[in-house]
Each structure stands twice: as C-alpha cells, then as structure tokens.
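In what follows, every heavy atom counts, from backbone to side chain, and hydrogens, waters and symmetry copies are set aside. Below, read A as the first sequence line, B as the second, and so on, with proteins coming before strands; counting in each chain starts at 1.
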Number of protein chains: 2
Amino acid sequence: MTDQSTQPRPTLEAVAARAGVSRATVSRVVNGGEGVREPLVERVRRAVDELGYVPNQAARSLVTRRHDAVAVVIAEPETRVFADPFFALQLRGISKELTAHDSQLVLLLTEGRDDHARVARYLAGGHVDGALVFSLHLDDPLPSLIHGVPTVYGGRPGWSDGSHGVVYVDCDNRGGAREAVRHLVGLGRTRVAHITGALDQTSAVDRLDGFRDVMVDADPRLIVESDFTPGGGERAMRELLDRRPDVDAVFAANDLMAVGAMRALRERGRRVPEDVAVIGFDDMLPFTEQADPPLTTVRQDIEEMGRLMARLLLRGLDRSGSAVADVPSSVVLPTTLVRRVSA
Amino acid sequence: MTDQSTQPRPTLEAVAARAGVSRATVSRVVNGGEGVREPLVERVRRAVDELGYVPNQAARSLVTRRHDAVAVVIAEPETRVFADPFFALQLRGISKELTAHDSQLVLLLTEGRDDHARVARYLAGGHVDGALVFSLHLDDPLPSLIHGVPTVYGGRPGWSDGSHGVVYVDCDNRGGAREAVRHLVGLGRTRVAHITGALDQTSAVDRLDGFRDVMVDADPRLIVESDFTPGGGERAMRELLDRRPDVDAVFAANDLMAVGAMRALRERGRRVPEDVAVIGFDDMLPFTEQADPPLTTVRQDIEEMGRLMARLLLRGLDRSGSAVADVPSSVVLPTTLVRRVSA
DNA sequence: CGGCCAAAAGGGAGCGCTCTCAGCAATGAA
DNA sequence: TTCATTGCTGAGAGCGCTCCCTTTTGGCCG
C-alpha cells in the first residue's frame, strides 16, 4: 500500500506561528485574503508553501456547514448504465463543472430497492451540499425519500407535475422525436414505425408522444414497445417486420435500439436506407458514426446536460447571490437532427 | 431546488438529553454499543430513532482522522473512458465493495495534465482514507505526485519494478493473450497477426508479449500498433491486409479494435471466421455477443477487479487487523477464453 | 502633534464528536 | 465488615477551523 507515512500535517496554528501572525489572519488569507495587507498576505503565503499546509476540510465543514461536495445518485436497475456511455458523459460534464467550483463528486450507485434507503439516509445525513439524481423510473421511490437536500434531477421526473419546485435538466425529447419523424416523412416514407424505449421513463414517453404528434393516426401495429437495449431493438424490429412487412421507416427511441433494428433488417434482407430508413436518438458517438450504415439520429448534448445540472445546483447553493436571481428553474435543451446515411 | 428546509439537525447532545444519559454513552451505542448495558442501549436507540439523529461525519472525522471515503481517480486523456464501459464496470465493483464497508466513493476525473496537480493536492489533503487509481500511462506523472495516501492501482503501473510496495490489481494479460493466439494456431491458422493497444499502457505491452510468446518468429509486418479504439482497429486491419494479404487470423488487443477489424475485413470481402479468424480481449458485453459475427474473446472479470481493488485498499486501511496479515499485495486475476463464432 | 476613525489584526468561543480517565456501583475475597 | 477488583457511565478536553468581537494600528485632519 504505497506510502502510509503519516507525519502530522501542519495546522493553521503552525502556519500562523511560522508567519508570525494570528490564526484568524491565516484563515483570512487562505480563504481569499480579503482585508489583509499585502506584506502579511505574502508572509502567510510563504509559510503555507513552506509547510505544505492544506486546510482540514472536516474542521472547516464542522463550522461552516458546507461540504463542498455534491452527491451524484445513479439509480439504475442493473445493466443499462454499463452498456451505455450515457452516464459516463454526464458524469464528465458534472465533474468539469464541480471541479471549476472546487466541489467534490460523491458517487452513489444503487443496486435494487434496499439501496434507496441507504442513499436517502446518506443524503439526509447532510454530508453533501446537494444531490444530482438520475434515471428515475416512474415508480421510483427515491424522490419521496429525499428530504432536506437541494436536488437537481437528470431528465424530467415522472411525477413532476408542471413545476412544483422540482428542478431538472432534460433535452427536448418530444421536439426531437417530431423532427426525426418529420424527416422520415419528408423522405417520402409513409409506413413509419416507432420502437419505444422503456415506457416507465419519461424520455421514452416523450419520444413516443413526439412520434404521435406527427403520425397522428398511425397504425398501432407500427408502434412496438421496447427497452432501450440493442437486443430489444432487434426483437422489436423483427416483430415490426412480421406485423407490417411493408414498413419503410423506423424511428427508434435511442441509438442502441436503432443499431439492433438495423441488424434485424439486415438479417431479413432489407437494405438500409433503401428499403427501410432508420433513425435513432442520442447521437451516441462513436457508435452512431461507426454503425453500418452510419446512423442518422437526433443529437442531444449529454455532457452539456451534466454540466448544466451541476451549474444549476451550485447556483442554488450559492448563498451570496441576490435573493431573487438565484432560484434556479428547470432547463430543457434543444436537440438537433444529425443526418448520416441510414435515413 | 426541491427542499431547502434546514431545521437544525439533532446532535449527540440532544440524543443524550432525551435518553437521559451522557454524550459518551450515546457515542458508544452509535458506534456499536460495546460495553453498554442492554436497557441503556435500548433507550438510546429509541431516542436516536425518535429524533432522527444522524452522526455528523465532519465532527467525527475531525477527531478520528478517518473519513470513510475513498477516492477513485480516473486519469484518462479524453475519449476512451466514454466509449468504453470498462470503467463503469470497475466503478460498479468498487461501489459495491465500498458500500459494504460504509465507505463513500469520491470520483476524481482528470482532464489533461493540469488536473494532476489538483488531484495530487486533494489526495495529499487527507480528505480520503485512500485512493484507487486507474489507467496510468507509462509516462504519467500522477503516481510520483501521490504521497501519504494508501493507494491501489488498477492495472499494473508501468514503473512497478517487480514489487517495491506498489499494490495493483490486474488480469493476466500475457497469459490471456497466449491462450488466444494458441487457440488461433490450434485452428490451423499460420499467418496470425496482432493489432496492439496503445503501447504506453502495460496491458497493451503485456498482450503483445503474450502474442510473441507463441508466435516466436512472427513476421514483423503481422504486428500493427494501434490504440484500443474501433477506428484504430479498422485502420490497423486495412494496413495488415495491405502488408500481408494472406493473413488468416488476427488477435486484437481488445474487443473494440476487433470489431473495427471485422468491419475492415467485411469491407474487403473477407469472411470471418472462414477467411480470417478474429479474436478480441476483454469480453465487453453486450458488444462481443452482438457483434457480427459474435466475437471470440478473452474474458476478464472487470467488476471483480474493481471489487478486489476496493477490498485490498480497505484491508490495508483496517487498523484493527493483526499486524502481519493485512499487508496487501498485488493480485493478478486469471482470464478465460470465450469461444463464439469469430474464431 | 494630538485625536479620531476606519481598517486590519488578534483573541476566543464553539462547531459535534471521540476518547481518556475519573468516578462509582456492584461484586467477591479476606 | 472492609478493601480490592471489575465494569459501566460520566465529565471534560480537545480535534482544526471560522467568525464574531475587541484591540490595535495607521492615516489624516484639525
């Protein structure tokens, strides 16, 4: 275990002694140096460097009641998180933003229901300044367990009835879906199908709604419920081909399913996009670009969503801001259609 | 921002008052209840529940100098982390193990060199009990910056000269590679090529060594250096086909490259496995299973590696254990060949 | 050159907890 | 009955820091 050496780390006191000033002055310098005269600032800085002083966060938190830490809760039953770079990208955005604000990222992964209580207890314990919560399913009990902690959700929670003080960041799932389907229609396709995501998530529901907005009286057989996985997309496509062999376009609720659908199409001897146009959602690079054929899809800026979530949370946390300005509200990011080969 | 309500949380003091005992007794009960008589334990427990008491971790850390938190450092230049479920799986294993030990996971993602100093400072700051560090490249400056924090590395660090007190968890890259290549040879293939990973990582070097162990005097043109990405694998395969059109088998240093290679092969009209057998490494589900054709590969249990890293670190941290037994040492996990269709 | 005032520096309390040690009751031995 | 012993429980001292409040300093005006 590389290095256990624990020579006692220097305290504020030690720095103060070395610089020949009081603890309070060192504290002021360490926290920005406001209202301390230049020569002293200089002396203190030198002492800090020489001693390699690093503030003890525990002691600081004890009195300030801030932690400079934010919890990221990923409540996802099993697999998806790991087949899907989605969260990794969000994490990256979050991490960048938190780093810029000197906050730490405490990652809470849950496995099954029991874990929810654990997470709730942790959040309630006031160990973090706020929470970013992901991937709630409609019936997820977690939100009701979260109290007393400022929270921003990733994706519109199912129970968010309009506003009600819930803050979330989402992309324009419905609008993006509409654009995708309109694109297919614009291509001259008339038998446009939809492979839905798991309908216990609002993103899947919203994308389905977007599909219906355009295909107002679509044959119900052209809509197949699936689950956001490649395998699910493949199965759904087969079923679609059985139900309506004349299908000439498919909008899949995410890229993974679109890729699965293309596999099923190839298997059945249909060409993409000549026989059946396929369009996905997310623009999950590099999979979309390297799919065969490269996938036309609806892009959402996932990393930006993560960054925004963190920014919103931190803004809400920032007590110094003017009272009115810093009540954050939800944000819905735009999507863009990325045309490649598949549609 | 869902819920800002901050009624002051109850302290030990409050619980003590309610239970009619001293602070010390409550503390004892909260920390396991050793040496406290049953009726008192009961009374304290009730008071804790009634008040919804949760210990203040900051106050506790201040005196115990433990944090019940471990940093996970992922130092990866840009893309790979996000195209590759590798880290997600490791994180999951780590998370499980830490949760079981009531430790928190503080995630530190670095972006470029400047970040290293930040991470080093954070670790040196003694905010966590230990660190799990990933994905070091041979020339990575991070290890030299880490001092005073027990650390376990994910994957053998390049500079770990035998032992030297460095603890890491890795899989048997060399042995796995040997097995893969032997399998190809056993299939009767004689022009076996290798697409390497990024050779600034020990995993890539070890896999190359394993290849050479078996193909002792391979034509150097049958070895192409690449970078672990699908695009890299594709380019490498094309080059291989140009250099040695008679190549009849390829061992790619990971699955992503194997998939890229298969794409290049298809593009050039070679059938897999009939004309060219392909084998990967990692067994990155579901990509390997759903590749076309399903990919034969060398499996390593990534989640288990994560779990093991955490376990090793925690064991080293555990002061209560007997002095001798708990000096952890590195672990190399076995790999297994998974036969599917591509070889 | 003294006095006044604002700004800068210091003193000290206390955040909530753990842990050592003292106190004290109950028990058994002398 | 008395005294040592054991085993709980309580009192109190800090852990390292921030922040309020007091004291000191230094600039400037009269």
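Across all their heavy atoms, B/P10 and B/Y53 have their closest contact at O-CD1, 3.3 Å.
A straight line from CZ of B/R9 to C1' of C/dC17 spans 13 Å, rounded to a whole angstrom. As a whole-Å value, the separation of A/R43 CZ from C/dA9 P is 9 Å. Going from atom NE2 of A/H67 over to atom C1' of D/dT18 covers 14 Å, rounded to whole Å. Rounded to an integer number of Å, the gap from B/R60 CZ to D/dC17 C1' is 20 Å. Taking atom NE2 of residue A/H127 and atom P of nucleotide C/dG16, one finds them 14 Å apart after rounding to whole Å. For B/E34 and D/dG7, the CD to P distance is 14 Å, given to the nearest whole Å. Put simply, CD on A/E13 is 12 Å from C1' on C/dG12, counting in whole angstrom units. Taking atom CG of residue B/L12 and atom C1' of nucleotide D/dG10, one finds them 14 Å apart after rounding to whole Å.
Phosphate contact (OP1/OP2 of D/dT18, side-chain N/O of A/S27, threshold under 4.0 Å): present. Distances shorter than 4.0 Å separate none of the side-chain N or O atoms of B/R37 from OP1 or OP2 on D/dC8. The side chain of A/S22 places no N or O atom within less than 4.0 Å of a non-bridging phosphate oxygen (OP1 or OP2) of C/dG11. OP1 and OP2 of C/dT18 both lie 4.0 Å or more from every side-chain N or O belonging to B/R66. Applying the 4.0 Å criterion to OP1 and OP2 of D/dC15, one finds that A/N56 has every side-chain N and O outside that range.
At distances below 3.5 Å, at least one donor-acceptor pair connects side-chain atoms of A/R43 with backbone N or O atoms of A/A19. Panel note: side chain B/H67, backbone B/G126; a donor-acceptor pair is recorded below 3.5 Å. Panel note: side chain B/T99, backbone B/S95; a donor-acceptor pair is recorded below 3.5 Å.
The 5' end of DNA chain D is approached more closely, in terms of each residue's nearest nucleotide, by B/R28 than by the other of B/R28 and A/R28. Residue-to-nucleotide proximity on DNA chain D shows that, of B/L62 and B/L40, the 5′-proximal contact is made by B/L40.
For A/V63, counting side-chain heavy atoms from C-beta on, the closest listed nucleotide (C/dC17, C/dT20, D/dC17) is D/dC17. When distances run from any side-chain atom of A/R23 to the nucleotides D/dC19, D/dC17, D/dG10, the shortest one goes to D/dC17. In this structure, of D/dT18, D/dC17, D/dC15, it is D/dT18 that holds the atom nearest to the side chain of A/N31. Taking only side-chain atoms of A/A59, from C-beta outward, the nucleotide of D/dG16, D/dC19, D/dG10 with the closest atom is D/dG16.
Between B/Y122 and B/L108, the closest side-chain pair of non-hydrogen atoms falls below 4.5 Å.
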